[in-house]
Protein chains: 2
Amino acid sequence: MAASSRKEQKEHTRELLLESALQEFSRKGISATTTVDIARAAGVAHGTLFLHFPTRDDLLVRVISDFGLRIGREFKRLSREGGGVREILRAHLDIVQEYESFYAQLVIAGPLLPVDARNDIFLIQSGIAYYLKKALARDIGEKSVRPVPVHLLLNTWIGTLNYYLANRDKFAPGQSVIATHGQELLDYFMSNLEPFRKERE
Amino acid sequence: MAASSRKEQKEHTRELLLESALQEFSRKGISATTTVDIARAAGVAHGTLFLHFPTRDDLLVRVISDFGLRIGREFKRLSREGGGVREILRAHLDIVQEYESFYAQLVIAGPLLPVDARNDIFLIQSGIAYYLKKALARDIGEKSVRPVPVHLLLNTWIGTLNYYLANRDKFAPGQSVIATHGQELLDYFMSNLEPFRKERE
DNA sequence: TATTGCAATGAGTGTATACTCACTGAGTGT
DNA sequence: ACACTCAGTGAGTATACACTCATTGCAATA
């Protein structure tokens, strides 16, 4: 075996635990998932989990921040330079849909999670802010969108999305809420942004 | 003593428990409040709680549905006939603000609660739907508001409000989010509803 | 080959919390 | 006055978890 075999093995187990945790959290919900569940899903002993992560909360925080990194990268990739508000929101919908199950659990359990986890979640959701700001300024500049404050657009958008995600079983039982309602929401938000035309331009 | 003294006493204790539960839930959060907390707040023995309510969930559901009734009555009182969308949303803000602490806890814990509790919450939030529908039809009729589907207005409004409530510690630390952000939100939503004026009317 | 280091194990511990039940004593009807 | 009912009590039980640690056995090193 290579000299690093042992370290590699440990690292592998660690990744396995992180991945299994993500899946269990997505499936059963964050607060309903126990350390036993995660260990079993990973195929390791219960105690092994604590060899890699001092506490359950620590594991959870790492799962979330890893998730945040993935989302951040994805967002960067999807939001091409020079896009308008519609393109940014569309990209956001696509990403949320791709990771919908975990995203929804995050929204549901979010407010009850430990502070560092909550901060990470806030950060993830603010990832869109930077791009949205640029796109909005651009659209307003070329008068394809009426002037609105970014923070209001952002908060109504995130809030609405979270609401649909948290109640996905009511809005789209057994399906993706984003797939069933995303386009409608996007169109509605864009119609809210249509510039007021002057009475006698 | 009147012949009903014993029954009256029991009823009184029951009310006391319901009231104490409401306060504890508002203060500590729903999932963080234990049956011991509630009994102590009511000044009765732990066991007494279970004499009146078979399970903690049962007590919780009753607290929520009582709350729903109060909200419903309040809403009926505040939303006078013939009001427009702005008046309805304003009334909604006023009510939410009055009961903000419990309302926020409901929004935070809501998605994790037992089904019957979740249904009650949905019902409470839908209480506004009936009035909003009428008001919107009226406003659209007299062209003071552009035509939009009720459900989209409703869901974006509720979703946004919930988002602000769930994160009130970030939006308005130590204060009422509705007091600090309510008017701004209301104005923004109304501006979204402004009719598009024809190019050359 | 012998020795050491370390990832992995899983039965065991501690704690939090919902719920029970045998008992108490004051109110109620005769 | 007496027996009976029943709201109220609180120590006790059951369960579900997160977390521990003495032990194991394989891989790295001498």
Side-chain angles (χ1 to χ4, degrees), chain A residues 1-22 24-25 27-64 105 109 112-117, chain B residues 1-22 24-25 27-64 105 109 112-117:
Chain A
M1 272 288 178
S4 61
S5 153
R6 217 128 128 177
K7 259 186 188 162
E8 272 171 13
Q9 175 55 38
K10 188 172 185 184
E11 183 58 24
H12 173 249
T13 304
R14 184 191 161 87
E15 296 298 329
L16 195 61
L17 279 165
L18 284 167
E19 181 58 28
S20 304
L22 182 72
E24 290 298 288
F25 287 144
R27 216 169 49 82
K28 299 187 56 175
I30 291 176
S31 63
T33 298
T34 70
T35 48
V36 174
D37 290 333
I38 296 168
R40 183 164 34 216
V44 300
H46 188 200
T48 303
L49 191 152
F50 295 93
L51 178 69
H52 291 270
F53 306 94
T55 65
R56 193 196 105 117
D57 273 359
D58 184 82
L59 168 58
L60 174 59
V61 167
R62 273 159 217 274
V63 168
I64 293 176
Q105 299 297 350
L112 295 167
L113 263 32
V115 256
D116 23 353
Chain B
M1 273 291 176
S4 61
S5 153
R6 222 134 124 172
K7 260 186 188 161
E8 272 171 13
Q9 176 56 37
K10 187 170 185 184
E11 183 57 26
H12 173 249
T13 303
R14 185 191 160 87
E15 295 298 330
L16 195 61
L17 280 165
L18 284 167
E19 181 58 28
S20 304
L22 182 71
E24 290 298 288
F25 287 146
R27 216 168 50 81
K28 300 187 55 176
I30 292 176
S31 63
T33 297
T34 69
T35 49
V36 174
D37 290 332
I38 297 169
R40 183 165 32 214
V44 299
H46 189 200
T48 303
L49 190 151
F50 296 94
L51 178 70
H52 292 270
F53 306 94
T55 65
R56 192 195 106 115
D57 272 0
D58 183 82
L59 168 57
L60 174 58
V61 168
R62 274 160 218 274
V63 168
I64 293 176
Q105 300 297 350
L112 294 167
L113 264 32
V115 257
D116 20 356

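By convention in this document, chain letters (A, B, ...) are assigned in the order of the sequence lines, proteins followed by strands, and residues within each chain are numbered from 1.
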message: So if I apply the side chain to side chain contact (heavy atoms under 4.5 Å, CB included) rule between B:E24 and each of B:T35, B:V63, B:T34, B:T33, which one comes out positive?
response: B:T33
Result of checking A:E15, A:Q9, A:K10 against A:T13 for side chain to side chain contact (heavy atoms under 4.5 Å, CB included): A:Q9
- request: Provide, to the nearest angstrom, the distance between the CZ atom belonging to B:F53 and the P atom belonging to C:dA18.
  value: 15 Å
N/O-N/O pairs, protein side and nucleotides 6-10 of chain D side, under 3.5 Å:
residue	atom	partner	partner atom	Å
D:dC6	O4'	B:R6	NH2	2.5
D:dC6	O2	B:R6	NH2	3.2
D:dG8	OP1	B:T13	OG1	2.5
D:dG8	OP2	B:H52	NE2	2.8
D:dT9	OP2	B:A45	N	2.8
D:dT9	OP2	B:T48	OG1	2.4
D:dG10	N7	B:G47	N	3.4

field: Nucleotide C:dA16, atom C1' - distance to CG of B:D37 in whole Å
entry: 12 Å
- request: Tell me, with the steps shown, if B:F25 and B:I38 meet side-chain contact (heavy atoms from CB on, under 4.5 Å).
  value: CA-CA 9 Å; B:F25 287 146; B:I38 297 169; 4.0 Å; yes
- prompt: Using purine N1 to pyrimidine N3 plus N6-O4 or O6-N4 for Watson-Crick, or N1-O2 and O6-N3 for G-U wobble, each under 3.5 Å, what pairs with C:dT30?
  reply: D:dA1
- request: Considering just the side-chain nitrogens and oxygens of A:T35, establish if one lies under 4.0 Å of OP1 or OP2 belonging to D:dA18.
  value: yes
message: Apply side-chain contact (heavy atoms from CB on, under 4.5 Å) to residues A:L112 and B:L112 and explain how you reach the verdict.
response: CA-CA 10 Å; A:L112 295 167; B:L112 294 167; 3.6 Å; yes
query: Rounded to the nearest Å, what distance is computed from the CG atom of residue A:D58 to the C1' atom of nucleotide D:dC19?
result: 13 Å
query: How close or far is atom P of C:dT9 from atom CZ of A:R40, stated in whole angstroms?
result: 14 Å
query: Side chains of A:D57 and A:L113: does their closest heavy-atom pair fall under 4.5 Å?
result: no
